[in-house]
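Note sheet for the following structure.
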Amino acid sequence: MSITQNGEAKFRITDVAEVLGVAPSTVSRALNGKKGVGARQREKILALAKEMGYEAETDESQSEKPVKRPLRETTSNTIAFVLGDIRNPFYVDLAYNIQKRLSDEGYQIVIFNTEYSLEREQEILLQADSENLAGVFLVTVQSESIVEALHSVSLPVVLVNRNLPMFSGDSVFADNFQAGYLAAVHLIDLYHKKIGFIRGPEVSSASSMRYDGFVQAMSNFGLLVDERFIFESDLKLESGREAAKALLLHAAEERPTAMIVGNDLTALGFMDECKNQGLSIPEDLSVISFDNIVYSSLKGIELTTVSQHVEEMSSEAARLMLKQLKGDTEHPERIIITPELVVRRSTMQAVK
């Protein structure tokens, strides 16, 4: 490996990582004084980096203290919006409302669709950083790996609709535990005892917290969670159809009387397939979900749902980004949106 070019030292984080057999983000954290790197490994990284032409800007007395990586200067007015499924109307509403807020400040957003791939998220983060974009809004699939990648980039990042306790930056998200609890209690108040749940991936903080809220409500009211009617999905339209088909394999007397669905998009697929199979909603099966997307209120759908107040979430996300773009990176915020139950016609009292 050559570390010189035209007689001058050429320092590259990836070269240091390759020689030492560590991740580039580990090298970045060591060079910037961040936590998560052992003392001996930090010494090796700093020694090799210095040999390759890197000069630390902090004195030795500060080397073990976490140092906030400064944001690099940019002339770009483009901000990436990274999400799992661009077809989900909830994310479309988020992007639309964020763009409305940012356009007044001269910024625009460009959407990246990841298909809920962690690897794709990491690639986009690095791409946005290398192309000197102004910042990134990220709806992550959630993993400690993505936090490591977030700490390795030098552009403003705002987590949207996700709560990662290990991430030290700005984030805005709904109280998803409360959302799951609200949905379950609504059905319990309607005298439903056999309640199923179509949950999202376990790695998703939003999905996991909604399910935990449901389980807590069932426990509080002395009701059992029947694992036969708990389905894990990718929260797409088609996964709702597949869950409906799986549910309908059970005899009518064994089925739950109500279902909680992980989001409105999946609920639309679920209800459509139920109707195709001859089930009437809510007479045969009550359905409640989350997000309150624009289609939920349409006649013939009229879906009972738990709203995350998308406009408020969008406004806060835009504010957090603008705060960073104006240079305030020292005061990260975690904004929690209070969910709200929106009752329509897809739920009704269970037959006693």
Spatial distance of atom [atom1] ([X]) from atom [atom2] ([Y]) [nearest 0.5 Å]:
X: Ser286; Y: Met259; atom1: OG; atom2: CE; result: 11.5 Å
X: Glu253; Y: Arg255; atom1: CD; atom2: CZ; result: 8.5 Å
X: Glu312; Y: Ser315; atom1: CD; atom2: OG; result: 8.0 Å
X: Ser280; Y: Leu285; atom1: OG; atom2: CG; result: 10.0 Å
X: Leu182; Y: Phe177; atom1: CG; atom2: CZ; result: 10.5 Å
X: Asp170; Y: Phe137; atom1: CG; atom2: CZ; result: 10.5 Å

**OP:** With Lys323 as reference, evaluate Glu330, Glu105, Glu333 under the salt bridge (Lys or Arg N to Asp or Glu O under 4.0 Å) test and give the passing residue.
**Re:** Glu333

Heavy-atom pair with the smallest gap, counting every atom of [X] and [Y]:
X: Asn161; Y: Ala174; answer: OD1-N, 4.4 Å
X: Ile281; Y: Ser346; answer: CG2-O, 3.8 Å
X: Phe90; Y: Ile293; answer: N-CG2, 3.6 Å
X: Ala184; Y: Ile195; answer: O-CD1, 4.4 Å
X: Ala217; Y: Ile188; answer: O-CD1, 4.0 Å
X: Glu227; Y: Tyr211; answer: OE2-OH, 4.1 Å

Compare all side-chain heavy atoms of [X] with those of [Y] and state whether any distance is below 4.5 angstrom.
X: Leu247; Y: Phe270; value: yes
X: Val141; Y: Ser204; value: no
X: Leu150; Y: Leu125; value: yes
X: Leu237; Y: Leu268; value: yes
X: Gln308; Y: Glu340; value: no
X: Val172; Y: Leu159; value: no
X: Asn176; Y: Gln178; value: no
X: Pro201; Y: Tyr116; value: no

Given [options], the one that forms side-chain contact (heavy atoms from CB on, under 4.5 Å) with [X]:
X: Phe81; options: Val110, Val136, Asn113, Ile98; result: Ile98
X: Leu138; options: Val160, Val158, Ile146; result: Ile146
X: Thr257; options: His192, Lys193, Met348; result: His192
X: Val287; options: Ile198, Leu303, Thr347, Leu187; result: Leu303

Original post:
Are Phe197 and Val215 close enough, and set up right, to give a side-chain contact (heavy atoms from CB on, under 4.5 Å), and what steps lead you there?
Top reply: CA-CA 10 Å; Phe197 200 110; Val215 171; over 6 Å; no

Original post:
Given the rule in the side chain to side chain donor-acceptor pair (under 3.5 Å) test, do Asn263 and Ser289 qualify, once you have shown the distances and angles that lead to the verdict?
Top reply: CA-CA 5 Å; Asn263 67 13; Ser289 61; over 6 Å; no

Hey, quick one: are [X] and [Y] part of the same hydrophobic cluster, counting side-chain heavy atoms closer than 4.5 Å, chains of contacts allowed?
X: Leu235; Y: Val294; answer: no
X: Ile301; Y: Phe290; answer: no
X: Leu190; Y: Leu223; answer: no
X: Leu94; Y: Ile86; answer: yes
X: Val92; Y: Ile111; answer: no

For the residue pair [Y] / [X], report whether a side-chain donor-acceptor contact shorter than 3.5 Å exists.
X: Asn163; Y: Ser205; result: no
X: Gln216; Y: Asp212; result: no
X: Thr78; Y: Gln108; result: yes

**OP:** Look at Glu316 together with Arg334 and state whether they make a salt bridge at an N to O cut-off of under 4.0 Å.
**Re:** no

Original post:
Would you call Asp226 and Lys194 a salt bridge, using N to O less than 4.0 angstrom?
Top reply: no

**OP:** Name all residues meeting the side-chain hydrogen bond (donor to acceptor under 3.5 Å, both in side chains) criterion together with Glu119; count only those two or more places apart in sequence or in a different chain, and write none if there are none.
**Re:** Ser117

**OP:** Please test Asp85 against Lys236 for salt bridge (charged side-chain N to carboxylate O under 4.0 Å, His left out), starting from the C-alpha separation and ending with a verdict.
**Re:** CA-CA 8 Å; Asp85 185 3; Lys236 297 180 180 180; 5.3 Å; no

Heavy-atom count around [X] [atom1] within 6.0 Å, excluding the residue itself: above 12?
X: Lys245; atom1: NZ; value: yes
X: Arg345; atom1: CZ; value: no
X: Glu311; atom1: CD; value: no

Original post:
Do Thr140 and Glu121 pass the side chain to side chain donor-acceptor pair (under 3.5 Å) test, and can you show the C-alpha distance, the side-chain angles, and the key distance before you say yes or no?
Top reply: CA-CA 7 Å; Thr140 180; Glu121 285 183 10; 2.6 Å; yes

**OP:** Determine the interplanar angle of the His250 and Phe229 rings, folded into 0 to 90°, and report it as parallel if under 30°, tilted if 30 to 60°, perpendicular if over 60°.
**Re:**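 Geometry flag for Phe229 against His250: perpendicular rings.
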
Original post:
Do any N or O atoms from the side chain of Asn97 and from the backbone of Asp93 form a donor-acceptor pair under 3.5 angstrom?
Top reply: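 Yes; judged by distance alone, with no hydrogens or angles, the pair exists.
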
**OP:** List the steps and the verdict of salt bridge (charged side-chain N to carboxylate O under 4.0 Å, His left out) for Arg210 and Asp291.
**Re:** CA-CA 12 Å; Arg210 288 170 186 173; Asp291 288 347; 3.6 Å; yes

**OP:** Would you please test Arg199 and Ser208 for side-chain contact (heavy atoms from CB on, under 4.5 Å) and show each step?
**Re:** CA-CA 8 Å; Arg199 58 178 299 173; Ser208 294; 3.8 Å; yes

Original post:
So is Arg162 actually on top of Phe173's ring, under 6.0 Å and inside 45° of the axis?
Top reply: no

**OP:** Not counting sequence neighbours, which residues clear side-chain contact (heavy atoms from CB on, under 4.5 Å) with Gln277? List them please.
**Re:** Leu248, Glu273

Original post:
Can you list the residues that meet the ring-ring contact (aromatic ring centres under 6.0 Å, His included) rule with Tyr181, with sequence neighbours excluded?
Top reply: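 Counting only residues at least two positions away or on another chain, Tyr181 forms no ring-ring contact (aromatic ring centres under 6.0 Å, His included).
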
Subject >> Test side chain to side chain donor-acceptor pair (under 3.5 Å) applied to Asn292 and Thr305, step by step >> reply: CA-CA 6 Å; Asn292 196 30; Thr305 185; 5.4 Å; no

